[in-house]
Amino acid sequence: MSIVGGKLVNHLNRDQVAAVVHTEGPLMVLAGAGTGKTRVITYRAAYMIEQGIPPEQILGLTFTNKAAREMKQRIYTLVPRGKAEGLFLGTFHAFCASVLRRDIVLLGYGRNFSIADEVDQTGLLKQAMAECNISKDVVSPSLCLSLIGIAKGEKKHPSEVNIYDPALKVVFPELYKRYQQMLKNQNMLDFDDLLLLTVHLFEEHPGKLEACQERYRYIMVDEYQDTNYLQFLLLSYLAGSRRNICVVGDDDQSIYGWRGAKIDNILNFPDHFKGAKSLKLEQNYRSTTNILDASNSLISCNKGRHGKSLWSECDEGDKIRVVKSESDFEEASYVGDAIYDIQYTTSACFRDFAVLYRSNYQSRMFEESFRNARIPYVIVGGKSFYDRKEVRDAVAYLRLIVNEKDDQSLLRILSAPPRGLGDKAIDTLRRLQSITFAPMLDLMSSGDYLEQVSSKGAESSRKLIGCIRRWREVLTTGVDLGVNVMNYLREVEYLDGLQRMYKDREESEKRRENVLELVNAAHYYARREGASATLAGFLENYSLADDSDKVDDVAGSEDSVMLMTVHAAKGLEFKNVFIVGVEEKIFPNERALDAGSAEEERRLFYVGMTRAQKLLTLTWAKKRMRHGQLSQQTMSRFLREIPKDLVEGTESSKAFKKASYEAMERAFQNFNTN
DNA sequence: TACTGATCTATTTTT
DNA sequence: TAGATCAGTA
């Protein structure tokens, strides 16, 4: 029982050790916030390797690439050099993508499939609605998409999905079918398909499943509370009769129910895997006892929990600050002010602070305030680099190279930059496709098409297609990826086209830089992967990159306050945390309440609270602009659920005065001592 | 076809 | 408030 010479017990507490050494048979570890969940997973992997289990037999599944990356790094430091080689540690989606890249041909798709993102999905669905003659006034595309997601996540036939809207109920199965057909025609998979088709593959080709079972004999799953039915199914298939499956999670931190996560998976694990050992980790190493007690008492308002109570050897610490402001504006300036104030008293860096909110739009007020106060900040999530229009356009050009059936991408680039191909050309393509079912890219070089568009359109079509075909030869080799991507984008007239698309000089330059940033990413990717680099591989990386991946890009390099949603903050910790907008209808979110997710909102708030190590501040404002209108706000129910004796209440205007008074006093003292 | 300005409307979280 | 969409014009 040793890890790199030392005894396990020197690194871990009793419960953690128990989890690490239980390697055979099903195991559930209920790990509260900050109880060393990652430590257990990484030590467990290291321990197994040390026990002589070949690393390639270990499969670790996470929800984010970041979590996977961090665990991998930690495992590598725990075992002797080279000993962890071959271990698979990645997201569910990445794992499924890798399985499908090998065998998806068996399901009638091409191995060069593209992965549809939300924009592609919406485009596809809108087109499906148009073809089925369904007006978007009757059915909202976004609702429909989320229902499709739920249907897939629960592996349900479209007619089995619970739909309250009678109009949608009637057309849903048809829409679903059409949408799915369009995806397949374009050789595209949406995120849910990655999981669903892997399950199909295993069901229809048992040999493929057996091969996987044979290879991956030990399975570990992080954040098990966020798995949906498909993921559960996948896991139970993979675990097979060996049942060497270890899941780690926290039912109190299940915050993705709206995306189909089934908290029941973790609540019922002992039933699903009979004879499973179950362990609880309750010693928290992160927060002060005040923060823990407050969090515990908030979460205890929920029903249907495994029931856990976190404790800590840390001291009491400061009380929770609850700050009332007159307005959203005042709230934002208070937070800025408080950051400076806390910096003075605790010598904290900017990166020791996080401002957490329920919804992305809430960031704006704080951005302005921080800019004025000269506080460096980083916004995590929201409209990220990859979501920028010019980046997406550039990616569409690349996707078309890899997957010639990708009509979504073709439609995107047709008028970016404008090249005389507009509605007319698109109509023609659609019409032709409804007859021939050929990819639009092919149709564009057909005589029928060229005859029907203007001579200018025909000319630029020929040019565009020629260019794409030429570069396909070059780019699919994967050689000099960065350079070639750059030259392709130039030759296809995208880079220079930016100037025509954005006539404001400054703006077009900015957008050009962003595209070059993407080129750069391709370059880095190519360097990292060496000989195995392919354009397809780069695009897959891009598609599966998640929001938390973008955290370290910036966080490591600069000393900045972090602004993000509570969802994005899961798994992170900060010395000082501000949860802002703690008001009814905002946190808990109004629509979530309507949807009956009050308990999930509470768990979300719990996640936010437990991010704090030292100081937790909860702020709310009496008035704020909502939908462009002034609205009177009331304090969130969550504030009432925290015991009064753990709280120190203030009003921001008073706190302001107090802070500035203290700052003056300090300055005065400094003046005297110097 | 492409661009402009006006109007509408929706604001939850995202692998 | 701002983004998305639409209708009308060059």
Side-chain angles (χ1 to χ4, degrees), chain A residues 61-68 90-97 115-118 121-122 126 136-137 140-142 145-146 149 152-153 189-195 223 226-228 230-231 254-261 328 356-365 368 380-384 386-387 389 414-427 453-454 456-457 460 500-503 543-550 564-570 581 585-595 597 600-601 603-605 607-608 624-631:
Chain A
L61 295 172
T62 64
F63 277 85
T64 66
N65 295 306
K66 180 168 172 261
T91 63
F92 275 94
H93 295 275
F95 171 72
C96 289
I115 296 171
D117 61 25
E118 211 181 284
Q121 287 182 291
T122 315
K126 281 184 180 164
K136 66 178 190 308
D137 305 327
S140 109
S142 61
L145 273 177
S146 77
K152 288 183 177 179
L189 273 64
D190 63 22
F191 280 111
D192 302 304
D193 282 340
L194 287 171
L195 304 171
E223 308 278 18
D226 290 334
T227 52
N228 64 16
L230 268 186
Q231 285 159 329
S254 159
I255 55 176
Y256 286 102
W258 51 275
R259 214 170 61 192
D328 48 359
L356 309 183
Y357 33 78
R358 176 60 239 257
S359 313
N360 273 310
Y361 76 90
Q362 293 173 264
S363 68
R364 199 178 307 137
M365 218 53 209
E368 266 172 50
V380 178
K383 30 145 195 29
S384 66
Y386 297 106
D387 289 333
K389 183 181 181 309
L414 236 34
S415 54
R419 43 166 66 89
L421 300 169
D423 295 346
K424 182 82 187 298
I426 293 174
D427 282 349
V453 292
S454 65
K456 189 171 152 236
S460 61
R500 280 190 292 134
M501 292 168 70
Y502 306 102
K503 51 188 190 288
S543 301
L544 298 179
D546 59 59
D547 235 48
S548 58
D549 288 334
K550 294 151 204 163
M564 66 188 98
T565 63
V566 179
H567 281 93
K570 191 161 90 156
K585 299 190 175 178
I586 292 188
F587 208 162
N589 174 279
E590 189 171 21
R591 300 180 120 222
L593 288 183
D594 291 344
S597 318
E600 182 154 310
E601 291 295 295
R603 290 194 291 269
L604 189 58
F605 199 75
V607 168
R624 80 168 59 236
M625 293 300 279
R626 303 224 303 145
H627 323 162
Q629 270 187 327
L630 195 66
S631 143

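All chains are named by letter (A, B, ...) in the order of the sequence lines, taking the proteins before the strands, and each is independently numbered beginning at 1.
Proximity of a side-chain donor or acceptor of A/D193 to a complementary backbone N or O of A/D190 within less than 3.5 Å is detected. Counting only distance, with no hydrogens or angles, the side chain of A/T62 and the backbone of A/T64 share a donor-acceptor pair below 3.5 Å.
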Return the polar atom pairs (N/O with N/O) between nucleotides 2-5 of chain B and the protein under 3.5 Å, or none.
unit_1, atom_1, unit_2, atom_2, d
B/dA2, OP1, A/G420, N, 3.0
B/dT4, OP1, A/K503, NZ, 3.1

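Below 30°, between 30° and 60°, or above 60°: for A/F191 and A/H93 the angle between ring planes is above 60°, a perpendicular geometry.
Nucleotides B/dT11 and C/dC6 place their P atoms 16 Å apart, quoted to the nearest Å. The separation of B/dT13 from C/dA4, taken at their P atoms, amounts to 14 Å, rounded to a whole angstrom.
A/W258 contributes no side-chain N or O that forms a donor-acceptor pair with the base of B/dT12 under 3.5 Å. A donor-acceptor contact under 3.5 angstrom links the side-chain atoms of A/H93 to the base of B/dT15.
Considering every non-hydrogen atom in both A/N228 and A/G260, the closest pair reads CB-O, 3.1 Å.
At B/dT14, one or more side-chain N or O atoms of A/N360 fall inside 4.0 Å of OP1 or OP2 (strictly under the cut-off). Contact between the side-chain N/O atoms of A/R591 and the OP1/OP2 oxygens of B/dT12 is found at a separation under 4.0 Å. A/T565 has no side-chain polar atom (N or O) that falls below the 4.0 Å cut-off from OP1 or OP2 of B/dT12.
With sequence neighbours left out, A/S146 forms a side-chain contact (heavy atoms from CB on, under 4.5 Å) with A/L143. Remark: A/N589 pairs with no residue by the side chain to side chain donor-acceptor pair (under 3.5 Å) rule, at least two apart or across chains. Remark: A/Y357 pairs with no residue by the ring-ring contact (aromatic ring centres under 6.0 Å, His included) rule, at least two apart or across chains. Every ring-ring contact (aromatic ring centres under 6.0 Å, His included) that A/Y256 has, sequence neighbours left out, goes to A/W258, A/H567.
With DNA chain B read from its 5' end, the first of the two nearest nucleotides for A/A425 and A/S142 is the one closest to A/A425. Annotation: of the two residues near DNA chain B, A/S454 and A/L604, the 5′-most nearest-nucleotide partner is A/S454.
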Nucleotides 1-7 of chain C: protein proximity per nucleotide (B base, S sugar-phosphate only, - neither; heavy atom, under 4.0 Å): BS--SS-
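Atom NZ of A/K570 and atom C1' of B/dT14 are 12 Å apart (whole Å). Following rounding to the nearest Å, A/L593 (CG) and B/dT13 (C1') show an atom-to-atom distance of 13 Å. In this structure, A/I586 atom CD1 and B/dT13 atom P are separated by 12 Å, rounded to whole Å. For A/R626 and B/dA10, the CZ to C1' distance is 12 Å, given to the nearest whole Å. The CD atom of A/Q362 sits 11 Å away from the P atom of B/dT12 (whole-angstrom rounding).
Considering A/E601, A/E600, A/E590 as possible partners of A/R358, the one that fulfils the salt bridge (charged side-chain N to carboxylate O under 4.0 Å, His left out) test is A/E601.
In this structure, of B/dT1, B/dT15, B/dT12, it is B/dT12 that holds the atom nearest to the side chain of A/R358.
Taking 4.0 Å as the cut-off between side-chain N and carboxylate O, A/D226 and A/R259 do not count as a salt-bridged pair.
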